[in-house]
Structures are given as C-alpha cells and as structure tokens.
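Every chain is numbered from 1 and lettered A, B, ... according to where its sequence line falls, protein lines coming before strand lines. What you are looking at is a predicted structure, and each value in this text was computed from that prediction instead of being measured.
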Number of protein chains: 2
Amino acid sequence: MNIGEVAARSGLPAKTIRYYEEIGLITPLRDVNGYRAFRESDLHKLAFIARARALGFTIEDCRALLALYQDEHRESRDVKRLAQRHLDKIAEKIRTLESMRETLSELIEACAGDHRPDCPILKGLCEESGKAPGKGVA
Amino acid sequence: MNIGEVAARSGLPAKTIRYYEEIGLITPLRDVNGYRAFRESDLHKLAFIARARALGFTIEDCRALLALYQDEHRESRDVKRLAQRHLDKIAEKIRTLESMRETLSELIEACAGDHRPDCPILKGLCEESGKAPGKGVA
DNA sequence: CCTTGACCTTCCCGTAACTGGAAGCCCCAA
DNA sequence: TTGGGGCTTCCAGTTACGGGAAGGTCAAGG
C-alpha cells in the first residue's frame, strides 16, 4: 500500500502520516523505489491513532495507548488511568470555556451593536476584574 | 515604570510584555540606558489585552479590539460582530469537547480498571467509528 | 571603591501537531 | 516521449509565549 491509499483509508492526510512516521509512531517498510510500503498493521495503527486523536488525546498519549494496546500483559487499570486523566483535562477546558462564554455573552447582550461608538464590550475589557477564567484553554 | 513594575501591576509576565512589544501591540518609550519606559497608557493597554486574552480572544483579535477601543469613531456594531464570532468559536469548542467527554466517559465507565488486560477503552479505539467529534478543539 | 544581587537587555531555541510549498524522482498511459 | 499524478525529502511557518544564556545597569553595603 502506498501512502495515498493509506491516507484515503485512514482518513488522515499523507502529510500527517509522514509526520507520524517521523516521530516514530509507525514504521512502514520501504519499496526499492523509496516509497513507503504500508502493511495492514500500519493502517490499523493509524486508524487507532486517528480515533484517539479525535477524542483529544495528545500524540504522547497516543504513543502510550498504542504501547498498551500492543502489550499482551497490560493492565486495564493503566489504560483507565490515562483516559481518566485526559477526561479530567477535558472537563477543565470545558469549565474554562463556559466561564468565557458566560462573561462574553453578557457583554455581547449589553452591546447595542449599532453605529454608535459606545460599547459595553470595550468597557468591560477596560474595567472588569471580577471574573478570572484562569489560564485559557490551551 | 520599568518592566518589572508593569508586570506586577498588569499580572502579565515580563516575557509576555516584551513579546507584545515585539509584535507591535504596545510601543513603550526607552530610557537612555535602554530600559523600556512604560507610560500609564501602556499599562492600561496591557491590562486591556490581558482581559481580552482571558476571554480567549486571539492576539489578532486583541489587536483589532485595541484599535477599535482607540478609535473615537468606531461603531459598536464592529466590536459586537468580532465578539460574536469569537463566542461562536467558543461554543463550538465546547460542543466538540462535550462530545469527546461523552464518548470518553462511556468508555471509561465500561473499563474495569484492574490488573486484567481486557479493556473496552482500547477496544473502542480499535473499532468504533460512529462518533466523529470533528477536528479537535485547536 | 568594589562587590553583590536584583534588574534589565537581546538573542536563540523549544513547544504541539501539524500544514504548505519547493525541488526533484518515479511510474503509467497516450 | 511527454504529460500528469504520485511519491520523496527538506525547509519554513503556525500560536503565544517560556527557558535560558550572555551581558549591561543600578542601588546598597562593606
């Protein structure tokens, strides 16, 4: 399988697949002409990674998950811990974003949004100090 | 005012303030010794930016907001539009994250999390294809 | 007067996870 | 043989900074 087919079948851009090889997530073989020669197992791994990424796991998480996945003697406890930590981070991001949404929608609601220069949003950015949503969502 | 004081009073790290100067958000004067000499107006701008950042606005949004803020003839409509677009993005990120949270917590719930290798989380990453939360939260 | 330590300066590298683009092979079909 | 698409590598850029090195400056203490 060449990279184009793998890209089509995994849903990942070829660029991304090359990147995953570069950082050692996969190790496709090579044809004599230098083209990457993907096995079914490579495709399978890529699909695994794609789904993990879609759940928001970082690349390093994916690497760990992949290692666990391939380890016959893994303990599901380790997988669960990793996933739980990730879930916690997601929950915190949601909280941060909801705090932003709250503040922002109040400001927007208060703004006439017409041709006049008077604007509660800008005023809010000037004076407000009550709400501190934290460090952003990264 | 030197950068240390401005950092203390604005809550922004000195590094960040230098960065904001580098990208042209502020333009502090310079003392003869080469130290940045901040005016009250610089501090004010930095505080403005800090609050906008805390609401999740990008640096470029901040630049635009600052320009609107300093424009006597702005129309609040323009501010509101910018804020509304940002709010929409936030709402979408929240949706994405909630979808991830949902899927992830189902998988976690189903996982025994003990010493055995059997793990629904890994299985989910292998097979699942029903839920596609989109492009991540970026 | 000299030293010490806290500031300040610039400069460069690293982050996460790619994406875009350039320059150049390779392969197949007309 | 020529054209077009696919493949290769390498380099640069993205966002918003943070870390750290090398070195100038300033005020206080001995």
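Between A/Arg9 and A/Glu40 there is a salt bridge, with a side-chain nitrogen of the basic residue lying less than 4.0 Å from a carboxylate oxygen of the acidic one. Salt bridge annotation for A/Asp88-A/Arg85: absent, with no cationic side-chain nitrogen under 4.0 angstrom from a carboxylate oxygen.
Summarising the geometry, the separation between CG on B/Leu55 and C1' on D/dA16 is reported as 17 Å, rounded to the nearest angstrom. To the nearest angstrom, P of C/dC18 lies 15 Å from CD of A/Glu21. Spacing between atom CD of A/Glu60 and atom P of C/dA17 amounts to 7 Å, rounded to whole angstrom units. Atom-to-atom, NZ of A/Lys15 to C1' of D/dA12 comes out at 10 Å; the value is rounded to the nearest Å. In this structure, CD1 of B/Ile26 is placed 16 Å from P of D/dA16, rounded to the nearest angstrom. Put simply, CG on A/Leu12 is 8 Å from P on C/dC18, counting in whole angstrom units. The distance from atom CD1 of A/Ile17 to atom P of C/dG20 is 15 Å, rounded to the nearest whole Å. The distance from atom OH of A/Tyr19 to atom P of D/dC10 is 16 Å, rounded to the nearest whole Å.
Without hydrogens or angle criteria, A/Ser10 side chain to A/Val6 main chain gives a donor-acceptor distance under 3.5 Å. With B/Thr16 contributing its side chain and B/Leu12 its backbone, the two residues share no donor-acceptor pair below 3.5 Å. Under the 3.5 Å distance criterion, the side-chain polar atoms of A/Asp114 are matched with a main-chain donor or acceptor of A/Arg116. In this structure, A/Arg74 contributes its side chain and B/Pro117 its backbone to a donor-acceptor pair below 3.5 Å.
At a cut-off of 3.5 Å, with distance as the only test, no side-chain donor of A/Ser76 or B/Asp118 sits close to an acceptor on the other residue.
Contact between the side-chain N/O atoms of A/Tyr20 and the OP1/OP2 oxygens of C/dC18 is found at a separation under 4.0 Å. Distances shown here put a side-chain N or O of B/Thr16 below 4.0 Å from the OP1 or OP2 atom of D/dG18.
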Each nucleotide N or O in nucleotides 7-9 of chain C that has a protein N or O under 3.5 Å away: list the pair and distance.
{"unit_1": "C/dC7", "atom_1": "O2", "unit_2": "B/Tyr35", "atom_2": "OH", "d": "3.4"}
{"unit_1": "C/dC8", "atom_1": "OP1", "unit_2": "B/Gly4", "atom_2": "N", "d": "2.8"}
{"unit_1": "C/dT9", "atom_1": "OP1", "unit_2": "B/Arg36", "atom_2": "N", "d": "2.8"}
{"unit_1": "C/dT9", "atom_1": "OP1", "unit_2": "B/Arg36", "atom_2": "NH1", "d": "2.8"}
{"unit_1": "C/dT9", "atom_1": "OP2", "unit_2": "B/Arg18", "atom_2": "NE", "d": "3.1"}
{"unit_1": "C/dT9", "atom_1": "OP2", "unit_2": "B/Arg18", "atom_2": "NH2", "d": "3.1"}
{"unit_1": "C/dT9", "atom_1": "OP2", "unit_2": "B/Arg36", "atom_2": "NH1", "d": "3.2"}
{"unit_1": "C/dT9", "atom_1": "O5'", "unit_2": "B/Arg36", "atom_2": "NH1", "d": "3.3"}

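For the pair B/Phe57 and B/Val32, nearest-nucleotide mapping onto DNA chain D gives the more 5' position to B/Phe57.
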